[in-house]
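Some notes on the structure that comes next.
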Amino acid sequence: MIHLDIQKRLHGAKGGLNLAIQLNLQKGDFACLYGASGVGKTSTLRMLAGLMPVDQGEIKVNHQIWFNSTKKINLRPQDRSLGYVFQDYALFPNMTVWENLRFALPKGASEQRISDLIEMVELGDLQGQKPATLSGGQQQRVALARALVQQPPILLLDEPFSALDHGIRQKLQDYLKQIHQQFELTTILVSHNVHEITKLANKVIVIVDGKVTQTASSQQVFTELGVQQSLQLKGEIIKIEEKGNELVLSIQIQDNVIQKSIPLKLKNQYQLDQEIELNGDFFMH
Amino acid sequence: MIHLDIQKRLHGAKGGLNLAIQLNLQKGDFACLYGASGVGKTSTLRMLAGLMPVDQGEIKVNHQIWFNSTKKINLRPQDRSLGYVFQDYALFPNMTVWENLRFALPKGASEQRISDLIEMVELGDLQGQKPATLSGGQQQRVALARALVQQPPILLLDEPFSALDHGIRQKLQDYLKQIHQQFELTTILVSHNVHEITKLANKVIVIVDGKVTQTASSQQVFTELGVQQSLQLKGEIIKIEEKGNELVLSIQIQDNVIQKSIPLKLKNQYQLDQEIELNGDFFMH
Amino acid sequence: MDWTPLVLTFQLATITTIILVLVALPLAYWLVHSRSYFKPIVETLVSMPLVLPPTVLGFYFLIAFSPNHAFGQWLDEYLGLRLVFSFTGLVIASVIYSLPFMVQPIQAGLAGLSPSLREAAFVLGKSKWITLWKVEIPNIKAALLTGIVLSFAHTIGEFGVVLMIGGNIPAQTKVASIAIYDEVEALNYSAANSYSLILFVITFCILLMVYAINGGYVKRFWK
Amino acid sequence: MDWTPLVLTFQLATITTIILVLVALPLAYWLVHSRSYFKPIVETLVSMPLVLPPTVLGFYFLIAFSPNHAFGQWLDEYLGLRLVFSFTGLVIASVIYSLPFMVQPIQAGLAGLSPSLREAAFVLGKSKWITLWKVEIPNIKAALLTGIVLSFAHTIGEFGVVLMIGGNIPAQTKVASIAIYDEVEALNYSAANSYSLILFVITFCILLMVYAINGGYVKRFWK
Amino acid sequence: TSSNNEKLSIATSANMQFAMEALVDEFSEQTGIECQLMLSSSGKLTAQIQEGAPYDVFVSADLKYPTTLFEKNLCTSNPRVYAYGKLVLWTMHPTLDPSLAMITHPSLRHLAIANPKTAPYGRAAMEVIENMKIQHEIMPKLVYGESIAQVNQFVYSKSAEIGFTAMAVVKSPKMQEQGRWLEVDPSLYTPIEQGVVVLRTSTHLPQAQQFADFLFSTEAQSILTKFGYLVPSDN
Ligand SMILES: Nc1ncnc2c1ncn2[C@@H]1O[C@H](COP(=O)(O)OP(=O)(O)OP(=O)(O)O)[C@@H](O)[C@H]1O
Ligand SMILES: Nc1ncnc2c1ncn2[C@@H]1O[C@H](COP(=O)(O)OP(=O)(O)OP(=O)(O)O)[C@@H](O)[C@H]1O
Ligand SMILES: [Mg+2]
Ligand SMILES: [Mg+2]
């Protein structure tokens, strides 16, 4: 669905940087651009969105040519219908949270969608605030919600969860995963978080020094990079305590003891010495 | 060294937010503010730095009163000598990277310090660039370097590594830890990354709904929160391969097999079936 | 005291300012985004009406607009417009003369905006015009206000061009500035003073209101 | 052709503009950061010189500066300053008259800056002045340029105030705009035209250079 | 500068410029006294003189302004009338033949006169209109110049088809061959008296007085006549 083969000359930390990126994504792909800081991830998204001039090459989406340097075709950003979460958010300072989302709403669409999104990103009572008085993470969530208002077929997400705490990050990752599948979106995510990538992406594109060095599943990529993304570990319950209306389990994994709180009503699912499976979500914050 | 007891009324996601923070830090402390997005971490740093008006309370540093609402004392930010990495970087757009750091240099100090810092944050060839053309992570590194130029006794770091990849993040964490000890700094870090906190901070201050609910070591805090910060796992080497000038170890941990590349020259330290200790650094990216 | 000149003055200033906003916005927008080699030339030309003494500029207008010269004749024959000695002529002359006061602040304001705002709006599929209208203009309110106040005040005090092209016709082109000038020339200082004072007070009130609302002082007061 | 009026004009415009920058910067700074109730009043007052016809304003200056009245007498006796019919007087009058053209764009520019720039400089221990000078001003270059160009051009074309307070004394207060006026009065339209043309061309070149350098066109050309 | 202070400063109405230049040349030749002209409108010059402008002689195109100055005790003596202005009807339109009858013709859209409130030629033109009892027809056509100079610009640019101006204008070297003009019957308006005063604050009182007296010499009066003024001896 997305075929991209572009070249661009940029400044790099070790002199000039020749960005030369090839991407081939299918409809429904959830791809992740993975690479060191300054390697050209944001620039790639910006060129795909038509915000940065491309030196040379071609961008084709759904058999439509968006950009071609020899044929001198260059679609305006307005005509490339995609959702984009900017790394620096780029919220409109003159509009409240609600208005920022309202501005993105296509004609005729119901405002219910806005309320739902505001609820989802947990900004209910802040919807009347201007971005300037929001916290960093709150601004990031507005940026995400705004990009989703149009329900675009292609989503570009530039480190959309970097300023969020574990709880809301998990929740929004789950939501993103769900709408990605539900609406069969094609999504490109930039992230430095291996766990996040493993959870969300079916394709990881590794960029080194401006070139794509590897395109594979996250499992494969991270294994080769020597990065373990999601351990499936077994532990043993060695203590069960009641604290208020919570149940605190102490679990031993090898020499480590960790504690986990669960709702009291799940009490009868756990017992001492029981073996229990713990996945990465559990360990990593 | 830092005694802070302040109150401030803010907007919260569930109506008004009454921020009421007490902090007591000793010289040499490396404290971390930990809490969900929008809980008041940045606001606390801003009030400590004198950038946000405090409603009520007192801030005392080194027996000097910086702020006292009843005595109507309020030191200007200029007189509070501290280094601050802003969550939104706040670089000077009119100055190059080098000039941003030069601006921070105290009179009479050697410019060598600037070159060293630029080297440390790996921005050598970009020092003549204006911030607008830097990548997100590059901007963040400039912000960190700029805050360190003055070698201030107190460091306020608002998610200073959030936009960085694993490699440079590790390196800068190590560097930060080193100068923190070397110059006996007092540092307050805001971070959502449990691993980072565990590695750096000796005190974690948990903020919930604008109030400090817990102050303890990271080990204690995260155990109680049910967050495992740094597993110490044992695995077994099941395969050793040579790839170019690297050695690739396949290691089994319970049912998981992970791979890790190490320099070839360490070859004789590893052998098949050897038990090997793996710490958190290894798992988390 | 004859109030017609005052009424005429505020009519002229208001109409001129409105037209200026409409003309200056697209012009300033072009100046900000163009990479053309003509750009500095147009930028310079916009400021040039300021450089000539108003009476001289007025004289050139007079010649250009006069039905006996090519342009004025064309206007007269094809559009039925006689710009000399008419209110319409005053408006056009004032617009040209005050153009730099509106264009330049708006241009500076637009140039100072972060490009990411435009980009974000474009990605959301918004046209340049909607982006300008809904995103860019609301974020350069201070600059726009500067342009409006400068143009408005300048049109009120403007005198040389207006006198030349308007012909000082009562109830048609005799604005307050000319009335005051007449009184000063006639050594009628007390009459000039009262005119000036009234002009001053009314304008002061208008601008004070604008600034107070803009600065949020009115809101603060009612709170 | 007598060149003295032209030289005098550019001297006057340059000196006036320099003084205006020095006066307007602190004033604009105060206007941006003050929360005082006087602020909208001062803002309004700054624009007010525009509202009065230049000759009338000149007339008030004449009276204020004249040694026959209290203020002028005080200036004369205690400072030995005679402002009427002198170049110094022209400069002072021009500064006051062009004040809004400098103050308002700078104010709008400063107001549009992100507060985090100031904050970052403050945290680095920099005083308000250093912050203004090294951080804020370099980031409002477009607005500052607007102020400079408007004031400069306006002082060149300014005429009413100058004629009234300067008294048309050759080589002292007879600036180009007045020389042109003289020629027009003398029905010497061709001489007036040549004066205007020269004034126009010189100013055009100056401004074109300013805009071309500012827009990076010169750099582009040499590259 | 010092050279300016040595010269005799003569403040004069801008529309007197040509005649004054010729007069000053003649005067300098006769006496060796150098002069410089300060041109402005009579109203502005009067305001400036009241505030201490460094002028020696004020040669007005009117009597009202010198009289005001005299009443404020700023002159050495009563204003003296050195000439009378003559009113003419002037047009640049090649097809128009200026006459008092034609100004009411409907095809004529604009008639320029100087501001009657401030300019003596404007007041005289108004008197002509009133004496002919054509105010009602003519009022809607009137456009007012700030001074005679502006009337000239209106006529010269053909913005106004015709206008009342001074004979000195149409006889000036620049306008001699331009357009056509008609002298207005002097009985239709009160004479336009032009007065001269020597200013009390003058630093060159003897020379100033000498210049004022010179205006009444035969040489001066013939120059004035040549430039289109009526001189007192003609009466
Ligand atoms: N100037 C302000 N006026 C009123 N409320 C504000 C202001 N600045 C921030 N807030 C609100 O105060 C709360 C705390 O903001 P703060 O920036 O301190 O959060 P934070 O803990 O740093 O969050 P994050 O992790 O998302 O950066 C938020 O709900 C925010 O909307
Ligand atoms: N407009 C520009 N002109 C020239 N060079 C640029 C421009 N914008 C960015 N660069 C440079 O291009 C390189 C890639 O930048 P980019 O923003 O794409 O990096 P990134 O991969 O997104 O990094 P990060 O993870 O730090 O956000 C960087 O070295 C940057 O300095
Ligand atoms: Mg990036
Ligand atoms: Mg924050």
| OG of Ser116(C) to CZ of Arg46(A): how many Å apart, nearest 0.5 Å? | 8.5 Å
| CZ/Phe86(A) to CG/Leu117(C) distance, rounded to the nearest 0.5 angstrom? | 9.5 Å
| request: With rounding to the nearest 0.5 Å, note down the distance linking CZ in Arg118(C) to CZ in Phe92(A). | output: 11.5 Å
| query | Which atom pair, heavy atoms only, marks the closest approach of Val135(C) to Met95(A)? | reply | CG2-CE, 4.0 Å
| said: Does the Lys NZ or Arg CZ of Lys126(C) fall within the cation-pi geometry relative to Phe103(A) - under 6.0 Å from the ring centre and within 45° of the axis? | reply: yes
| CD (Gln151(A)) with more than 12 external heavy atoms under 6.0 Å | yes
| message | Quick check on Trp30(C): does its CH2 atom have over 12 non-hydrogen neighbours (other residues, nucleotides or ligands) under 6.0 Å away? | response | yes
| note | Under 4.5 Å to a heavy atom of chain C? For Leu91(A) that would be backbone
| query | Can you tell me if Gln78(A) uses its side chain to pair, donor with acceptor, with the backbone of Leu124(C) under 3.5 Å? | reply | no
| task | With rounding to the nearest 0.5 Å, note down the distance linking CD in Glu99(A) to NZ in Lys134(C). | result | 9.5 Å
| About how many Å separate CE of Met52(A) and CD of Glu119(C), when rounded to the nearest 0.5 Å? | 9.0 Å
| query | Where does Asp79(A) contact chain C at under 4.5 Å (heavy atoms): side chain, backbone, both or neither? | reply | neither
| Which pair of heavy atoms, one from Ala90(A) and one from Ala120(C), lies closest together, and at what distance? | O-CB, 3.6 Å
| task | Check whether any side-chain N or O of Asn94(A) sits under 3.5 Å from a backbone N or O of Ile137(C) as a donor-acceptor pair, and report yes or no. | result | no
